[in-house]
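Data first, discussion second: the structure below is written as structure tokens.
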Amino acid sequence: MGLRVGLGYDVHRLTEGRALIMGGVNIPYEKGLLGHSDADVLIHAIMDALLGAGKMGDIGKLFPDTDPQYKGISSIELLKCVKKKMDEKNIKVINIDSIIVAQKPKMRPYIDEMEKNIAKALDIDADNVNVKATTEEELGFTGSGEGISSKAVCLIEM
């Protein structure tokens, strides 16, 4: 069928009493993201990009937040499930480019590990995964520290 592009976006509210998991990395911080799973917005955006490119719906359809089996689950494990569904349709990931939008904490020290985690879950070379991070100069809900968002694009071959 050829090449296809996918786009994903996710956002979660920061809250006390939760771990901050980003790209499968537990980042030391006083708050974590609120959600049914581990609320890893980076992985959620990547999954939605991949699912969209493959015309396989979205993470809400595949892993509904009303299903108790996904309560507290690692998003890396969910990404592995997405990979399995892609394998069933003979879909190959060419590359992923993503961005985390967060005022705090600084993500740069953890990005290499995030890229490795994503590449391992998708069984692709880490050179085909790019993660960036930015602030919003204290503007909007991410800039004020209320939440963190992430966007991702991917290229797949079907």
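What's counted below: heavy atoms across the whole structure, side chains too, no hydrogens, waters or symmetry copies. All figures in this text were calculated on a predicted structure; none of them were measured in a lab.
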Checklist entry - Is there side-chain contact between I76 and I43, with heavy atoms separated by less than 4.5 Å? => result yes
Checklist entry - Counting heavy atoms not belonging to E30, are there more than 12 under 6.0 Å from its CD? => result yes
Checklist entry - Within the side chain of H12, is there an N or O that forms a donor-acceptor pair under 3.5 Å with the backbone of L34? => result yes
Checklist entry - Which heavy atom of A49 sits nearest a heavy atom of G8, and at what distance? => result CB-N, 3.6 Å
Checklist entry - Looking only at heavy atoms, what is the nearest atom pair of A102 and M107, with distance? => result CB-CE, 4.1 Å
Item to check | Rounded distance (nearest 0.5 Å) linking atom CG of N130 with atom CD1 of I99 | outcome: 9.5 Å
Next on the checklist: Taking the side chain as everything from C-beta on, heavy atoms only, tell me whether T135 gets closer than 4.5 Å to K106.
Outcome noted: yes
Checklist entry - Cut-off 3.5 Å, side chains only: do S150 and H44 have a donor facing an acceptor? => result no
Checklist entry - Would a distance-only check, ignoring hydrogens and angles, find a side-chain to backbone donor-acceptor pair under 3.5 Å from T142 to S149? => result no
Checklist entry - How far does CD1 of I59 sit from OG of S37, to the nearest 0.5 angstrom? => result 7.0 Å
Next on the checklist: Using 0.5 Å steps for rounding, measure from the CD1 atom of I124 to the CG atom of N95.
Outcome noted: 8.0 Å
Checklist entry - Got a donor-acceptor contact below 3.5 angstrom from the E138 side chain to the S144 backbone? => result no
Checklist entry - Rounded to the nearest 0.5 Å, what separation is found between the CD atom of Q69 and the NE2 atom of H36? => result 8.5 Å
Next on the checklist: Give me the atom names and distance for the closest heavy-atom approach of L50 to M56.
Outcome noted: O-CE, 4.2 Å
Checklist entry - Hey, are the side chains of M158 and L3 touching, using non-hydrogen atoms and a 4.5 Å cut-off? => result no
Item to check | Shortest non-hydrogen contact between G23 and L42, atoms and distance | outcome: CA-CD2, 3.7 Å
Item to check | Audit row: K132, D97, salt bridge (charged side-chain N to carboxylate O under 4.0 Å, His left out) steps and yes/no | outcome: CA-CA 8 Å; K132 303 176 295 289; D97 188 25; 2.6 Å; yes
Next on the checklist: Whether R18 and D38 form a salt bridge (side-chain N of Lys/Arg under 4.0 Å from carboxylate O of Asp/Glu) is what I want to check.
Outcome noted: no
Checklist entry - What distance separates D40 CG from N26 CG, expressed to the nearest 0.5 Å? => result 10.5 Å
Next on the checklist: Let's go through D10 and D48 carefully: what are the C-alpha distance in whole Å and the side-chain angles of both, what is the deciding distance for side-chain contact (heavy atoms from CB on, under 4.5 Å) to 0.1 Å, and is it a yes or a no?
Outcome noted: CA-CA 9 Å; D10 196 38; D48 267 347; 5.9 Å; no
Next on the checklist: Between N128 (side chain only) and I96 (backbone N and O only), is there a donor and an acceptor less than 3.5 Å apart?
Outcome noted: no
Checklist entry - Should we count CD of E88 as having more than 12 external heavy atoms under 6.0 Å? => result yes
Item to check | Shortest non-hydrogen separation from A53 to C154 and the atoms involved | outcome: CB-SG, 3.9 Å
Checklist entry - Which atoms form the tightest heavy-atom contact between I156 and G54, and what is the distance? => result CD1-N, 3.6 Å
Next on the checklist: Under 4.0 Å between a side-chain nitrogen and a carboxylate oxygen: does that hold for K116 and D112?
Outcome noted: no
Checklist entry - Within a reach of under 6.0 Å around NZ of K89, are more than 12 heavy atoms found that belong to other residues, nucleotides or ligands? => result yes
Checklist entry - Distance from E115 atom CD to Y110 atom OH, nearest 0.5 Å? => result 15.5 Å
Checklist entry - With side chains defined as the heavy atoms from C-beta onward, is the minimum distance between T15 and L33 less than 4.5 Å? => result no
